[in-house]
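Lettering follows sequence order; numbering is per chain, from 1.
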Amino acid sequence: DVKVTQSSRYLVKRTGEKVFLECVQDMDHENMFWYRQDPGLGLRLIYFSYDVKMKEKGDIPEGYSVSREKKERFSLILESASTNQTSMYLCASSSPLNRVNQPQHFGDGTRLSIL
Amino acid sequence: AQSVTQLGSHVSVSEGALVLLRCNYSSSVPPYLFWYVQYPNQGLQLLLKYTSAATLVKGINGFEAEFKKSETSFHLTKPSAHMSDAAEYFCAVEAGTASKLTFGTGTRLQVTL
(Lines give C-alpha, C1' and ligand atoms only; values in the text may rest on other atoms or scores of the structure.)
Protein backbone atom coordinates (compact mmCIF):
# COMPACT_ATOMS: atom_id res chain seq x y z
CA ASP A 1 0.00 0.00 0.00
CA VAL A 2 1.10 3.54 -0.72
CA LYS A 3 2.01 5.45 2.40
CA VAL A 4 1.97 9.24 2.44
CA THR A 5 3.09 10.60 5.77
CA GLN A 6 2.63 14.16 6.94
CA SER A 7 4.90 15.12 9.80
CA SER A 8 2.27 16.70 12.05
CA ARG A 9 -1.44 16.09 12.55
CA TYR A 10 -1.97 19.33 14.46
CA LEU A 11 0.14 22.46 14.49
CA VAL A 12 -0.32 25.83 16.17
CA LYS A 13 1.81 28.79 15.07
CA ARG A 14 1.81 32.54 15.46
CA THR A 15 1.24 35.24 12.90
CA GLY A 16 4.43 36.14 11.06
CA GLU A 17 6.21 32.86 11.76
CA LYS A 18 7.79 30.82 8.98
CA VAL A 19 6.04 27.45 8.95
CA PHE A 20 7.21 24.20 7.38
CA LEU A 21 4.86 21.32 6.58
CA GLU A 22 6.59 18.11 5.59
CA CYS A 23 5.34 15.23 3.48
CA VAL A 24 7.03 11.93 2.65
CA GLN A 25 5.83 9.16 0.31
CA ASP A 26 7.24 5.65 0.07
CA MET A 27 6.14 4.56 -3.42
CA ASP A 28 8.73 6.31 -5.59
CA HIS A 29 6.04 8.52 -7.10
CA GLU A 30 7.20 11.33 -9.33
CA ASN A 31 4.17 13.55 -8.70
CA MET A 32 3.46 15.25 -5.40
CA PHE A 33 0.81 17.80 -4.46
CA TRP A 34 -0.18 20.18 -1.68
CA TYR A 35 -3.82 21.13 -1.12
CA ARG A 36 -5.66 23.12 1.45
CA GLN A 37 -9.15 22.09 2.50
CA ASP A 38 -11.71 24.54 3.83
CA PRO A 39 -15.41 23.96 4.61
CA GLY A 40 -17.60 24.58 1.59
CA LEU A 41 -14.62 25.06 -0.72
CA GLY A 42 -13.42 21.50 -1.12
CA LEU A 43 -9.74 20.94 -1.91
CA ARG A 44 -7.75 23.66 -3.63
CA LEU A 45 -4.36 23.00 -5.15
CA ILE A 46 -1.53 25.15 -3.79
CA TYR A 47 1.54 23.72 -5.54
CA PHE A 48 2.58 20.53 -7.25
CA SER A 49 5.77 18.92 -8.43
CA TYR A 50 6.46 16.42 -11.22
CA ASP A 51 10.06 15.77 -10.34
CA VAL A 52 12.87 16.62 -7.98
CA LYS A 53 13.56 20.36 -7.90
CA MET A 54 10.53 20.99 -10.12
CA LYS A 55 7.52 22.93 -8.93
CA GLU A 56 4.46 24.46 -10.49
CA LYS A 57 1.88 26.82 -9.07
CA GLY A 58 -1.58 25.55 -8.46
CA ASP A 59 -4.73 27.60 -8.05
CA ILE A 60 -3.85 29.41 -4.80
CA PRO A 61 -0.04 29.74 -4.48
CA GLU A 62 0.03 33.20 -2.89
CA GLY A 63 1.72 33.20 0.49
CA TYR A 64 3.21 29.73 0.00
CA SER A 65 6.33 28.18 -1.44
CA VAL A 66 7.53 24.59 -1.78
CA SER A 67 10.71 22.60 -1.82
CA ARG A 68 11.47 19.22 -3.39
CA GLU A 69 15.10 18.31 -2.88
CA LYS A 70 14.48 14.56 -2.78
CA LYS A 71 11.99 12.50 -4.71
CA GLU A 72 10.18 11.20 -1.65
CA ARG A 73 9.84 14.50 0.20
CA PHE A 74 7.75 17.56 -0.62
CA SER A 75 7.69 20.50 1.79
CA LEU A 76 5.19 23.33 1.97
CA ILE A 77 6.43 26.61 3.40
CA LEU A 78 4.38 29.48 4.72
CA GLU A 79 6.82 32.36 4.43
CA SER A 80 5.04 34.60 6.95
CA ALA A 81 2.01 32.89 8.42
CA SER A 82 -1.27 34.79 8.55
CA THR A 83 -4.57 33.95 10.20
CA ASN A 84 -6.25 33.34 6.83
CA GLN A 85 -3.90 30.41 6.34
CA THR A 86 -5.56 28.52 9.19
CA SER A 87 -6.76 25.40 7.43
CA MET A 88 -6.38 21.67 6.86
CA TYR A 89 -3.43 20.90 4.59
CA LEU A 90 -3.32 17.68 2.60
CA CYS A 91 -0.39 16.18 0.76
CA ALA A 92 -0.80 13.66 -2.06
CA SER A 93 1.33 11.68 -4.49
CA SER A 94 0.69 9.81 -7.73
CA SER A 95 2.34 7.83 -10.53
CA PRO A 96 4.25 9.47 -13.38
CA LEU A 97 3.01 12.18 -15.69
CA ASN A 98 2.67 10.01 -18.79
CA ARG A 99 0.32 7.56 -17.16
CA VAL A 100 -3.05 9.22 -17.07
CA ASN A 101 -5.96 8.19 -14.89
CA GLN A 102 -3.71 7.39 -11.96
CA PRO A 103 -5.29 8.19 -8.60
CA GLN A 104 -3.67 10.40 -6.04
CA HIS A 105 -2.82 8.94 -2.64
CA PHE A 106 -3.32 11.21 0.34
CA GLY A 107 -1.78 11.69 3.75
CA ASP A 108 -3.94 12.16 6.84
CA GLY A 109 -3.59 15.92 6.78
CA THR A 110 -2.17 18.63 9.02
CA ARG A 111 -4.62 20.87 10.79
CA LEU A 112 -2.81 24.19 11.07
CA SER A 113 -3.96 27.02 13.31
CA ILE A 114 -2.38 30.46 13.04
CA LEU A 115 -2.97 32.64 16.10
CA ALA B 1 -10.81 23.98 -18.28
CA GLN B 2 -12.23 21.03 -16.41
CA SER B 3 -14.53 21.37 -13.41
CA VAL B 4 -16.94 19.35 -11.29
CA THR B 5 -20.11 20.35 -9.50
CA GLN B 6 -21.47 18.38 -6.58
CA LEU B 7 -25.13 19.09 -5.94
CA GLY B 8 -25.99 19.11 -2.26
CA SER B 9 -23.41 19.89 0.38
CA HIS B 10 -25.28 17.69 2.88
CA VAL B 11 -27.26 14.52 2.26
CA SER B 12 -29.06 12.56 4.97
CA VAL B 13 -30.37 9.02 4.51
CA SER B 14 -31.72 6.34 6.78
CA GLU B 15 -29.71 3.21 7.39
CA GLY B 16 -30.64 0.71 4.68
CA ALA B 17 -31.81 3.36 2.23
CA LEU B 18 -30.36 4.14 -1.17
CA VAL B 19 -27.45 6.55 -1.27
CA LEU B 20 -27.22 8.91 -4.26
CA LEU B 21 -24.52 11.57 -4.40
CA ARG B 22 -24.51 13.74 -7.49
CA CYS B 23 -21.57 14.90 -9.57
CA ASN B 24 -21.62 16.72 -12.88
CA TYR B 25 -18.49 17.50 -14.79
CA SER B 26 -17.36 19.93 -17.43
CA SER B 27 -14.50 18.90 -19.68
CA SER B 28 -13.24 19.82 -23.13
CA VAL B 29 -11.58 16.43 -23.53
CA PRO B 30 -12.65 12.91 -22.51
CA PRO B 31 -12.57 13.12 -18.74
CA TYR B 32 -10.95 10.93 -16.14
CA LEU B 33 -13.22 10.94 -13.09
CA PHE B 34 -12.74 9.86 -9.49
CA TRP B 35 -14.72 9.58 -6.28
CA TYR B 36 -12.91 9.91 -2.96
CA VAL B 37 -14.17 9.49 0.61
CA GLN B 38 -12.89 11.29 3.70
CA TYR B 39 -13.66 9.93 7.14
CA PRO B 40 -13.34 12.29 10.12
CA ASN B 41 -9.79 13.36 10.86
CA GLN B 42 -8.38 11.42 7.94
CA GLY B 43 -7.09 12.07 4.46
CA LEU B 44 -8.91 11.14 1.26
CA GLN B 45 -9.28 7.53 0.19
CA LEU B 46 -10.04 6.45 -3.37
CA LEU B 47 -13.51 4.89 -3.76
CA LEU B 48 -13.47 4.32 -7.52
CA LYS B 49 -12.30 5.75 -10.83
CA TYR B 50 -13.71 5.93 -14.34
CA THR B 51 -11.35 4.32 -16.85
CA SER B 52 -13.51 4.45 -20.02
CA ALA B 53 -13.53 0.63 -20.16
CA ALA B 54 -17.06 0.51 -18.75
CA THR B 55 -19.66 3.13 -17.94
CA LEU B 56 -20.65 1.45 -14.66
CA VAL B 57 -17.76 1.43 -12.24
CA LYS B 58 -17.69 -0.59 -9.04
CA GLY B 59 -15.67 0.60 -6.10
CA ILE B 60 -14.95 -0.32 -2.54
CA ASN B 61 -17.50 -0.67 0.28
CA GLY B 62 -20.37 -1.45 -2.12
CA PHE B 63 -20.30 1.89 -3.94
CA GLU B 64 -20.63 2.27 -7.67
CA ALA B 65 -20.87 5.14 -10.15
CA GLU B 66 -22.25 5.43 -13.66
CA PHE B 67 -20.64 7.61 -16.30
CA LYS B 68 -23.26 9.26 -18.53
CA LYS B 69 -21.70 11.32 -21.26
CA SER B 70 -25.02 12.71 -22.50
CA GLU B 71 -25.75 14.10 -19.04
CA THR B 72 -22.10 14.89 -18.17
CA SER B 73 -22.68 13.10 -14.90
CA PHE B 74 -20.85 10.62 -12.69
CA HIS B 75 -23.22 10.05 -9.77
CA LEU B 76 -22.23 7.82 -6.86
CA THR B 77 -24.69 5.26 -5.50
CA LYS B 78 -24.97 2.53 -2.92
CA PRO B 79 -28.10 0.36 -2.63
CA SER B 80 -28.18 0.21 1.15
CA ALA B 81 -26.56 2.75 3.47
CA HIS B 82 -24.66 1.71 6.54
CA MET B 83 -23.79 3.83 9.54
CA SER B 84 -20.12 3.45 8.67
CA ASP B 85 -20.74 5.28 5.35
CA ALA B 86 -21.09 8.59 7.17
CA ALA B 87 -18.27 10.70 5.74
CA GLU B 88 -17.54 13.43 3.22
CA TYR B 89 -17.42 12.46 -0.43
CA PHE B 90 -15.52 14.27 -3.17
CA CYS B 91 -15.83 13.98 -6.91
CA ALA B 92 -12.76 14.92 -8.96
CA VAL B 93 -11.80 15.28 -12.61
CA GLU B 94 -8.35 15.01 -14.09
CA ALA B 95 -7.72 18.52 -15.27
CA GLY B 96 -5.96 18.30 -18.61
CA THR B 97 -2.43 18.11 -17.28
CA ALA B 98 -2.06 14.45 -16.42
CA SER B 99 -2.49 13.64 -12.75
CA LYS B 100 -3.62 17.15 -11.78
CA LEU B 101 -7.09 16.86 -10.24
CA THR B 102 -9.85 19.41 -9.79
CA PHE B 103 -12.14 18.59 -6.87
CA GLY B 104 -15.75 19.37 -6.19
CA THR B 105 -16.74 21.09 -2.98
CA GLY B 106 -17.78 17.83 -1.34
CA THR B 107 -20.97 16.24 -0.02
CA ARG B 108 -21.28 15.27 3.61
CA LEU B 109 -23.31 12.09 4.01
CA GLN B 110 -25.20 11.57 7.24
CA VAL B 111 -26.73 8.15 7.98
CA THR B 112 -29.48 7.98 10.58
CA LEU B 113 -31.10 5.05 12.36
Side-chain angles (χ1 to χ4, degrees), chain A residues 1-10 21 23-25 27 29-51 54-61 88-111, chain B residues 1-10 21-25 27 29-54 57 59-60 65 67 74 87-108:
Chain A
D1 269 0
V2 177
K3 184 71 174 175
V4 178
T5 302
Q6 295 184 230
S7 54
S8 304
R9 292 298 305 274
Y10 301 93
L21 302 183
C23 175
V24 176
Q25 50 94 4
M27 280 300 293
H29 283 168
E30 270 76 3
N31 306 330
M32 295 190 75
F33 307 83
W34 274 107
Y35 297 89
R36 65 177 282 176
Q37 181 182 8
D38 300 288
L41 297 178
L43 277 74
R44 293 179 291 167
L45 183 63
I46 304 171
Y47 267 97
F48 58 105
S49 169
Y50 288 136
D51 202 351
M54 279 193 58
K55 60 183 179 182
E56 291 197 34
K57 293 180 179 179
D59 300 317
I60 52 164
M88 168 73 94
Y89 290 87
L90 291 164
C91 175
S93 71
S94 71
S95 293
L97 176 65
N98 59 351
R99 292 171 56 192
V100 295
N101 197 233
Q102 297 303 311
Q104 293 182 14
H105 302 268
F106 284 81
D108 284 337
T110 297
R111 189 167 294 280
Chain B
Q2 284 80 3
S3 66
V4 290
T5 302
Q6 291 184 242
L7 294 175
S9 58
H10 289 84
L21 304 182
R22 300 177 186 275
C23 174
N24 288 89
Y25 69 90
S27 177
V29 297
Y32 296 102
L33 294 159
F34 304 81
W35 273 101
Y36 284 85
V37 60
Q38 185 180 35
Y39 299 104
N41 298 316
Q42 293 186 23
L44 275 68
Q45 178 183 354
L46 181 69
L47 268 180
L48 51 81
K49 64 179 183 179
Y50 169 63
T51 64
S52 75
V57 182
I60 62 171
F67 175 74
F74 190 56
E88 190 154 21
Y89 293 80
F90 292 93
C91 182
V93 62
E94 194 161 287
T97 303
S99 292
K100 184 181 168 189
L101 295 179
T102 296
F103 286 85
T105 52
T107 298
R108 185 168 299 278

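Listed by chain and residue number, A/F106, B/F103 satisfy the ring-ring contact (aromatic ring centres under 6.0 Å, His included) test with A/Y35 (two or more places apart in sequence, or in another chain). Residues passing the salt bridge (charged side-chain N to carboxylate O under 4.0 Å, His left out) test with A/R36 are A/D38, sequence neighbours excluded.
At a threshold of 4.5 Å between non-hydrogen side-chain atoms, the residues B/K100 and A/E56 do not count as touching.
Counting all heavy atoms, side chain and backbone alike, A/Q37 lies closest to B/Q38 at NE2-OE1, 2.7 Å. Here the closest non-hydrogen pair linking B/T105 and A/G40 is CG2-O, 3.6 Å.
To the nearest 0.5 Å, atom NZ of residue B/K49 and atom CD of residue A/Q104 are 12.0 Å apart.
Atom CZ of B/R22 has 12 or fewer heavy atoms from other residues, nucleotides or ligands within 6.0 Å.
Looking at A/R44, neither its backbone nor its side chain comes within 4.5 Å of chain B, counting heavy atoms on both sides. A/Y10 touches chain B through its side chain: at least one heavy atom from C-beta onward sits under 4.5 Å away, while N, CA, C and O do not. The parts of B/L44 that come within reach of chain A are both its backbone and its side chain, each placing non-hydrogen atoms under 4.5 angstrom from that chain. Interface remark: B/Q45 contributes no atoms to any contact with chain A (heavy atom separation under 4.5 Å). If you measure heavy-atom distances from A/L45 to chain B, the contacts under 4.5 Å come from the side chain alone.
In this structure a side-chain-to-backbone donor-acceptor pair under 3.5 Å is missing from A/R111 to B/N41.
Put simply, of A/L43, A/D59, A/L41, the one with the most heavy-atom pairs under 4.5 Å next to chain B is A/L43.
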